[in-house]
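All remarks here apply to the structure that follows.
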Amino acid sequence: MAKNLVIVESPAKAKTIEKILGSDFEVKSCFGHIRDLEKDDMGIDINNNFKPKYAVPEDKEKIVKELKKLAKDTDEVWLATDEDREGEAISWHLCEVLGLDPQTTKRIVFHEITKPAIERAVQQPRLLDMNLVNAQQARRILDRIVGFELSPVLWRKMSMRNSLSAGRVQSVAVRLIVEREREINTFNSVSSFRVEAFFTAKDNQGRSLSFKAEGPSRFKTAEDAEKFLQQCIGATYTVKDIQVKPAKKSPAAPFTTSTLQQEASRKLGYSVSKTMLLAQKLYESGKITYMRTDSVNLSDTALTDIKQAIEKSYGQRYHQHRKFKNKNESAQEAHEAIRPTYMDNATIDDSDTRRLYELIWKRTIASQMADAELEKTIAKIDISTNHEELTASGEVLKFDGFLKIYMEGRDDEDSDEEDQEGVLPPLAVKQVVDLKEMKATERFTRPAPRYTEASLVKKLEELGIGRPSTYAPTITTIQKRSYVEKRDKEGIKREFRIMTLKADNITKTADTENTGAEKSKLFPTDLGMIVTDFLNQYFDSVMDYGFTAKIEEEFDEIANGKKVWNKMLNEFYEPFHQDVANTLEKAERVKGERLLGEDPESGKPVVARMGRYGPMIQIGKAEDEEKPRFAKLKATQSIETISMADAMELFRLPRNLGMFEGQEVTVNIGRFGPYAQHDKKFYSLKKEMDPYTVELEEIGPLIVEKRTAKDERTIKVFEKEKIQILKGPYGPYIKQGLKNYKIPKERIDHAADITVEEAKAIIEDVKANPPKKKAPPRKKKTE
DNA sequence: CAGTGAGCGAGCTTCCGCTTGACTT
């Protein structure tokens with residue numbers, strides 16, 4: 001038994017630290033928080049100064065038991081959880097549960113897992129900081145109160161039947177997406193004309209080189225643009241002035257969780273959860289440092305490694321020592337930035353994680369590389385026939401520096417400002433250049449783009465809302481609750497005008513462009529909009545974008561000992577709870593109704609609204625003699641924007657398409673999306689098939705395809721016993737009736753040879769020893 | 001798997017932040 005027990009949060013970290021500390025120390029992990037508020041009755045005694053009621057969750061019992069035993073048998077326990085609010089609280093909970101004295105137990109901290117940092121930490125133990133612990137308790141209790149008081153309000157006041165939820169973080173995340181959507185819906189695009197002139201100039205060897213210059217300004221109307229072109233007829237163009245300026249670009253800071261998610265999204269197209277899954281793999285296999293961090297700091301040992309790697313591969317000139325500072329005030333910096341553990345490994349063998357690893361490697365290396373040096377040239381060109389001038393700009397890379405390996409991506413790649421500036425031919429003042437043609441092109445203003453998962457994380461981080469460990473789960477939650485969905489949107493064709501001045505002649509043409517197309521963007525659902533409007537109306541303080549920042553300031557005051565935690569909670573709770581009570585009493589049940597018009601056939605009102613099963617259109621009223629007609633909205637439609645005409649279109653379903661193999665084929669939209677029905681069987685329509693326009697010829701192949709797919713999945717059938725052996729994504733399994741049974745490992749290889757008797761035996765076996773369920777239903781207290 | 005849409009009421013849902021496996025049809 002080791003003399004010392006060190007407890008950290010992560011098992012991968014425990015392994016590394018144990019190697020560093022040697023045999024006198026046993027290092028164990030507690031796997032994050034080991035206690036949480038009870039679920040019943042909020043887990044808070046509100047009338048008793050918000051006294052929290054903590055319990056060890058079921059899945060933590062085992063580890064707590066193990067730690068208790070180890071703590072008893074060891075001379076000294078060292079609490080080495082992360083140095084932030086949550087880490088301090090975990091240490092305190094460990095004291096409480098393991099029976100350690102918070103007044104004497106050694107608390108150590110380090111921000112990086114390196115030998116010097118850990119040895120230094122062991123030399124300088126401190127005691128628990130109860131102020132910091134209280135700040136965490138206040139944070140935890142406030143979040144529980146907000147979540148567990150607001151959610152039930154939604155259950156009572158929304159007409160929808162989902163398991164709705166609200167919280168300090170998720171509700172504001174949804175609000176951002178809802179407001180962005182409305183900005184886009186109400187955006188008025190205006191056009192203007194941009195003038196570009198294409199010239200040629202001779203270089204000193206007499207070769208003709210072409211270059212481009214920009215017009216004086218954008219013209220608001222086609223008339224103004226045309227007038228300008230007319231004024232240029234017959235003009236000569238003379239270089240009036242040349243300015244050459246040096247410029248430089250600097251590399252971005254090494255990755256934090258949020259910037260890693262953004263870059264992986266922009267450059268690799270990963271969702272935030274995929275990025276985190278792969279990063280976790282890399283961390284667990286020792287290839288990168290901890291992946292949930294808000295720090296841009298690099299350890300001294302890492303800096304030395306990086307310097308060596310740069311000098312070896314690129315030479316001394318490419319290295320530049322840099323120390324980055326966190327922009328964000330909410331950062332708690334318990335860890336290092338995300339970086340490779342060994343800079344020598346520019347890549348790795350594992351194909352799943354390689355691309356993410358290489359991204360991290362490049363970003364880390366680049367962050368310590370020299371600036372890129374540029375030379376910008378701006379030439380002004382006089383037009384002889386008017387007082388305007390044209391501007392040609394060029395850029396020459398003098399020294400690539402960090403650009404040799406890495407350039408940060410941008411969210412607005414498709415912006416119409418061309419970012420790649422070309423090289424200008426050598427020009428001289430007073431030189432006359434030849435105009436090939438001049439174009440005035442119509443350009444439209446665009447609304448802000450919809451959020452991607454990653455750009456939403458970026459925004460949340462800017463607002464100080466959420467933490468590195470919760471960005472990915474939050475994005476998942478708001479999609480799981482159907483407040484938000486990730487999808488593509490097709491663009492629409494738009495015509496734009498072009499006027500060309502060539503050989504003193506102006507021609508007018510038109511071209512089309514695709515606008516408004518979106519890929520993998522976050523769209524609010526009707527539910528998300530309705531819930532957001534409701535929360536905004538009744539709980540504006542919690543929904544305020546500055547709410548988290550404001551209470552974070554107060555948590556900081558608690559951590560500094562300037563404020564008492566339960567007083568702070570009370571100041572929040574009094575007005576908040578009053579709002580909850582008022583809302584429960586006064587607010588109407590929300591239906592999200594919108595009147596679209598009158599049904600031309602019956603004269604009855606046509607209404608878009610939220611039904612129990614989602615957004616729908618209703619013709620007529622429930623109290624009418626004749627039953628109202630209903631139709632479900634398409635996935636891409638919304639209550640807020642659907643037109644009367646589109647609404648009436650929806651009543652064209654179900655459609656009868658005609659006969660196939662002697663049976664009728666109909667299409668409709670059901671609980672699980674659009675489907676075709678044929679011979680009492682159902683066939684889901686393919687994504688690209690629209691049930692309103694799909695034709696009979698497309699349904700036949702669908703039916704045949706499903707038949708063969710079923711054949712391929714089937715290994716064996718025992719008709720009489722209704723037993724099937726099927727192939728699934730996790731290997732072969734047995735199906736009897738509607739139930740599935742797992743085939744024991746030792747028989748998987750010869751699943752095709754299983755006999756009826758064997759199959760029956762397996763079924764009986766599984767029935768006798770049912771597989772463990774993930775979460776057994778909690779017993780409700782009877783008293 | 002492929003319906004429904006009003007209202008009643010029982011019994012259920014729910015937060016954020018710290019960490020990994022156990023488990024899938």
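Fair warning: this is a prediction, and the values are worked out from it, not measured in the lab. Every chain is numbered from 1 and lettered A, B, ... according to where its sequence line falls, protein lines coming before strand lines.
Across dG9(B) and dT13(B), the matching C1' atoms stand 16 Å from one another, rounded to whole Å.
Geometrically, R481(A) does not engage Y483(A) in a cation-pi contact, judged by NZ or CZ lying under 6.0 Å from the ring centre and within 45° of the ring axis. Y290(A) carries K13(A) over the face of its six-membered ring, with the cationic atom under 6.0 Å from the centre and within 45° of the normal. For the pair R655(A) and Y692(A), the NZ or CZ position fails the cation-pi test of under 6.0 Å to the six-membered ring centre and within 45 degrees of the ring normal.
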Given salt bridge (Lys or Arg N to Asp or Glu O under 4.0 Å), test E552(A) with R139(A) step by step and report yes or no. CA-CA 8 Å; E552(A) 279 292 341; R139(A) 198 281 303 156; over 6 Å; no
Walk me through whether K604(A) and D599(A) qualify under salt bridge (Lys or Arg N to Asp or Glu O under 4.0 Å). CA-CA 5 Å; K604(A) 288 179 177 176; D599(A) 176 20; over 6 Å; no
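One interatomic measurement links the two molecules: CD1 of I44(A) to P of dT14(B), which rounds to 17 Å at whole-angstrom precision. Atom CE in M291(A) sits about 11 Å away from atom C1' in dC18(B), given to the nearest Å. Nucleotide dT19(B) holds its P atom 20 Å from the NZ atom of K281(A), rounded to whole Å. Across the protein-nucleic acid pair, K53(A) atom NZ and dC15(B) atom C1' stand 17 Å apart, rounded to whole Å. Taking atom CG of L685(A) as the reference point, atom P of dC1(B) lies 17 Å away to the nearest angstrom. Note: CG (L150(A)) to C1' (dT13(B)) measures 15 Å, nearest angstrom. In this structure, I141(A) places its CD1 atom 22 Å from P of dT14(B), rounding to the nearest Å. Atom-to-atom, CD of E58(A) to P of dG21(B) comes out at 18 Å; the value is rounded to the nearest Å.
Between dG3(B), dG5(B), dC16(B), one nucleotide has an atom nearer to the side chain of Q170(A) than all others, and that is dC16(B). Taking the side chain of D36(A) as heavy atoms from C-beta on, and the options dT14(B), dC18(B), dC16(B), the nearest nucleotide is dC16(B). Distances from the side chain of R144(A) to the nucleotides dC15(B), dG5(B), dT20(B) place dC15(B) closest.
Contact annotation for V169(A): backbone-only contact, meaning every heavy-atom pair under 4.0 Å involves sugar-phosphate atoms and none involves a base. Counting any heavy atom pair closer than 4.0 Å across all strands shown, G167(A) reaches sugar-phosphate atoms only and no base atom. If you check every strand for non-hydrogen atoms under 4.0 Å, A89(A) touches nothing. Among the heavy atoms of the strands lying under 4.0 Å from R481(A) are primed sugar atoms or P, OP1, OP2 only; no base atom is included. At a threshold of 4.0 angstrom between heavy atoms, the contacts of G620(A) with the nucleic acid are absent. The residue G466(A) sits close only to the backbone: its heavy atoms come under 4.0 Å of sugar-phosphate atoms, none of a base. Using a 4.0 Å heavy-atom distance criterion, D82(A) is classed as a sugar-phosphate-only contact. When heavy atoms are screened at a 4.0 angstrom cut-off, T81(A) is found touching no nucleic acid atom at all. Backbone-only engagement by Y283(A) is indicated by non-hydrogen atom pairs under 4.0 Å involving sugar-phosphate atoms exclusively.
Between S151(A) and dC15(B) there is no side-chain N or O to OP1 or OP2 distance below 4.0 Å. Not one side-chain nitrogen or oxygen of S163(A) sits closer than 4.0 Å to the OP1 or OP2 atom of dT13(B). The side chain of S10(A) contributes no N or O atom lying less than 4.0 Å from OP1 or OP2 of dT19(B). Taking 4.0 angstrom as the limit, R139(A) places none of its side-chain polar atoms (N or O) nearer than this to OP1 or OP2 of dC18(B). Side-chain N/O atoms of Q280(A) include one lying less than 4.0 angstrom from OP1 or OP2 on dT20(B). Y290(A) has a side-chain polar atom (N or O) that falls below the 4.0 Å cut-off from OP1 or OP2 of dT19(B). Put simply, K627(A) has a side-chain N or O that comes within less than 4.0 Å of OP1 or OP2 on dG5(B). For Y471(A), no side-chain nitrogen or oxygen approaches OP1 or OP2 of dC16(B) to under 4.0 Å. Under 4.0 angstrom from either OP1 or OP2 of dG17(B) there lies no side-chain N or O belonging to Q136(A). In terms of phosphate contacts, R168(A) brings no side-chain nitrogen or oxygen within less than 4.0 Å of OP1 or OP2 of dT14(B). Between dG17(B) and R35(A), no contact under 4.0 Å exists linking OP1 or OP2 to a side-chain N or O.
Toward the 5' end of DNA chain B, the nearer of the two residues P152(A) and I465(A), judged by each one's closest nucleotide, is P152(A). Mapped onto DNA chain B by nearest heavy atom, Q677(A) and S469(A) fall at different nucleotides, with Q677(A) at the one closer to the 5' end.
Inspection of the Y573(A) and E149(A) side chains reveals an N or O donor paired with an N or O acceptor under 3.5 Å.
In terms of polar N and O atoms assigned as donor or acceptor, the side chain of R467(A) never comes within less than 3.5 Å of the base of dC18(B) in a complementary pairing.
Centre separation under 5.5 Å together with a plane angle under 30° does not hold for the ring of F31(A) and the six-membered base ring of dC18(B), so they are not marked as stacked. In this structure, W155(A) forms an aromatic stack with the base of dT13(B), since both conditions hold: centre separation below 5.5 Å and plane angle below 30°.
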Under-3.5 Å N/O pairs linking protein and nucleotides 7-11 of chain B:
from: dG9(B); atom 1: O6; to: R161(A); atom 2: NH2; distance (Å): 3.4

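Look at E705(A) and K686(A) and you find a salt bridge, because one of the NZ, NE, NH1 or NH2 atoms lies within 4.0 Å of a carboxylate O, short of that distance. The pair E588(A)-K157(A) fails the salt-bridge criterion, with no side-chain N (NZ, NE, NH1 or NH2) lying under 4.0 Å from an Asp/Glu carboxylate O. Ion pairing between a basic and an acidic side chain is recognised when a charged N comes within 4.0 Å of a carboxylate O; D45(A) and K53(A) show no such pairing.
A side chain to side chain donor-acceptor pair (under 3.5 Å) with Q136(A) is found for one member of R85(A), E88(A), E86(A) and no other, namely E86(A).
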